[in-house]
Amino acid sequence: MIAESSPSSKKRAIVWFRKDLRLADHPALDAALQGGMEIIPVFIWDEQEGGAWSPGAASRWWLHHSLASLGNTIEQKRGNLILAKGQAAVELPRIAQAHQADIILYGRCYDPAGIATQEAVEEACDSSGISTESFNSSLLQEPWETKNGTGKPFQVFTPYWRKSRPIIYREPASYDPRKLSFVPNLSSPSTLEELGLLPEHPWHQKLGNHWEVSEAAAHQQIERTVEEVTQSYATRRNHPSVDGTSRLSPYLAWGQVSPRQICQAVLQAENEGSHRGENKFLVEIGWREFSYHLLYHFPNIPDQPLRPKYANFPWLDDPDNLKRWQFGKTGYPMVDAGMRQLYETGWMHNRVRMVVASFLVKHLLLPWQEGARWFWDTLVDADLASNTQGWQWAAGCGADAAPYFRIFNPITQGDKFDARGEYARRWIPELEKLPKKFVFSPWTAPSSVLAESGVDLDGNYPGPCVDHPEARARALAALATLKQI
DNA sequence: CTCCCATTTTC
DNA sequence: AAAATGGGA
């Protein structure tokens with residue numbers, strides 16, 4: 001017989017927080033509230049969970065501050081966020097028994113490791129007689145919801161989006177987070193510091209200069225950018241010197257905000273005449289959904305190319321060039337500015353992400369996995385689905401493959417999208433005085449101009465590590481070898 | 001003959 | 001998306 005609770009005591013629900021570190025539009029919290037349950041909020045840190053794709057340094061920094069913020073907010077509501085270290089399948093049943101929880105409620109994850117974890121949790125709870133219920137708290141739709149005419153997953157974005165767009169938008173949960181009721185006076189097995197999320201290397205310390213990590217900050221960011229993304233996003237988003245993107249990606253990564261909340265804000269602000277969801281920014285939310293669709297159906301793509309013939313691509317092994325790329329010393333200012341922005345702030349403008357990715361893969365012929373790995377460690381918005389999809393797109397081995405002759409020109413990309421050289425000069429102060437004409441190709445400047453501008457090629461700023469026309473020809477030749485297979 | 005811009009080709 | 005091309009200033 002199940003232990004009877006006294007008639008006056010409320011039912012208790014563990015809400016297991018995962019990639020949804022927020023109190024608003026959280027389906028598990030909503031379910032607890034609708035069921036009149038008191039909430040035991042739990043986060044479990046399992047360093048082993050992700051395997052080779054365990055969260056990187058920047059992502060862990062963000063997680064640390066997210067948990068601090070969530071914990072504070074819960075304390076204001078007379079609750080305590082329980083933090084534990086270890087496997088969820090071991091820790092959750094233990095916590096459930098210690099605090100007499102009636103049910104465990106949680107948001108599903110869709111990456112391979114997250115899926116394995118929730119399967120193990122379900123099994124452990126099943127054998128201990130603990131009931132569970134899971135929800136979709138991080139996507140607009142389930143990754144398996146959209147299928148093509150033959151019942152298979154899409155591998156091209158445009159038809160995927162054509163089919164998804166009319167049905168994809170979902171209303172956020174409408175409960176008032178102030179009404180959530182938490183079990184008081186809970187003690188946590190671990191302190192936040194004991195989770196050991198902050199890397200030992202002090203690199204992460206400067207990230208705090210650029211980001212405010214909290215659910216409230218996520219909503220301020222929506223407020224700040226909703227007009228931008230509904231009005232002038234289509235053109236302004238391409239210019240890295242302009243603050244024309246939403247900068248919401250890191251908040252989405254750990255779920256300070258849900259895509260439903262973002263879409264609602266954008267759709268409400270859209271002009272009456274515009275067609276629902278044709279907005280370019282919402283298309284980017286669509287890409288995020290598509291990335292999860294791909295990762296769900298092809299779970300090996302974080303490491304393997306979606307298009308199998310790319311497994312034979314003649315990548316180079318060149319640690320020196322990899323280092324030049326990572327630390328912004330390739331000699332191509334558009335590339336170097338982006339890589340320095342990334343290392344300094346944990347984020348890079350999307351236009352520049354495409355340029356640096358193309359450069360690593362095409363100009364340097366280094367494997368896209370090396371780029372994905374570096375981004376994974378340094379991006380505060382690191383997301384396995386989006387990062388994988390983005391890198392495979394850039395390498396041409398993924399879904400929506402770019403035509404193989406599409407090799408970004410790092411000089412003309414600068415001329416086009418950073419026409420005044422502001423972005424380049426902001427991140428590469430060595431080039432501050434160099435005339436605009438030469439900013440994206442300093443090696444073409446006459447030596448007198450270089451001297452006057454204080455630029456010493458291969459001194460304070462490197463010369464180009466590869467020659468653009470040669471590198472382009474080499475990439476085309478390498479791509480041509482794939483055709484013979 | 002050079003420079004600039006719009007159009008076509010690249011596989 | 002970039003490079004090559006070709007017409008016009």
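Order of the sequence lines fixes the chain letters, A, B, ..., with proteins taken first and strands second; residue numbering starts at 1 for each chain.
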To the nearest angstrom, the NZ-C1' distance between Lys416(A) and dA1(C) comes to 6 Å
Atom CD of Gln413(A) and atom P of dA1(C) are separated, to the nearest Å, by 7 Å
To the nearest angstrom, the CG-P distance between Leu476(A) and dT10(B) comes to 13 Å
When rounded to whole Å, the CD1 to P distance for the pair Ile407(A) and dA1(C) reads 14 Å
_Any Asn409(A) side-chain N or O less than 4.0 Å from OP1/OP2 of dA3(C)_ = yes
Query - SB check Glu452(A) Lys433(A) (cutoff 4.0 Å) - result: no
Separation of dA2(C) atom C1' from Phe440(A) atom CZ, nearest Å, is 17 Å
So salt bridge (Lys or Arg N to Asp or Glu O under 4.0 Å) across residues 139-160 of chain A, not counting sequence neighbours, yields Arg108(A)-Glu142(A), Glu145(A)-Arg170(A)
In whole angstroms, the gap separating P of dA3(C) from CD1 of Ile411(A) amounts to 8 Å
Practice problem: Please find out if less than 6.0 Å separates the ring center of Phe17(A) from that of Trp254(A). | Solution: no
ask   = Would Trp144(A) and Tyr292(A) count as a ring-ring contact (aromatic ring centres under 6.0 Å, His included) if you check the C-alpha gap in whole Å, the side-chain angles of each, and the deciding distance to 0.1 Å?
value = CA-CA 9 Å; Trp144(A) 52 83; Tyr292(A) 274 93; over 10 Å; no
**Message:** Is Lys362(A) close enough to dA1(C) that one of its side-chain N or O atoms is under 4.0 Å from OP1 or OP2 there?
**Reply:** no
When rounded to whole Å, the CG to P distance for the pair Asp415(A) and dA2(C) reads 11 Å
Look at the side-chain N and O atoms of His363(A) and state whether any lies under 4.0 Å from the OP1 or OP2 oxygen of dA2(C).
no
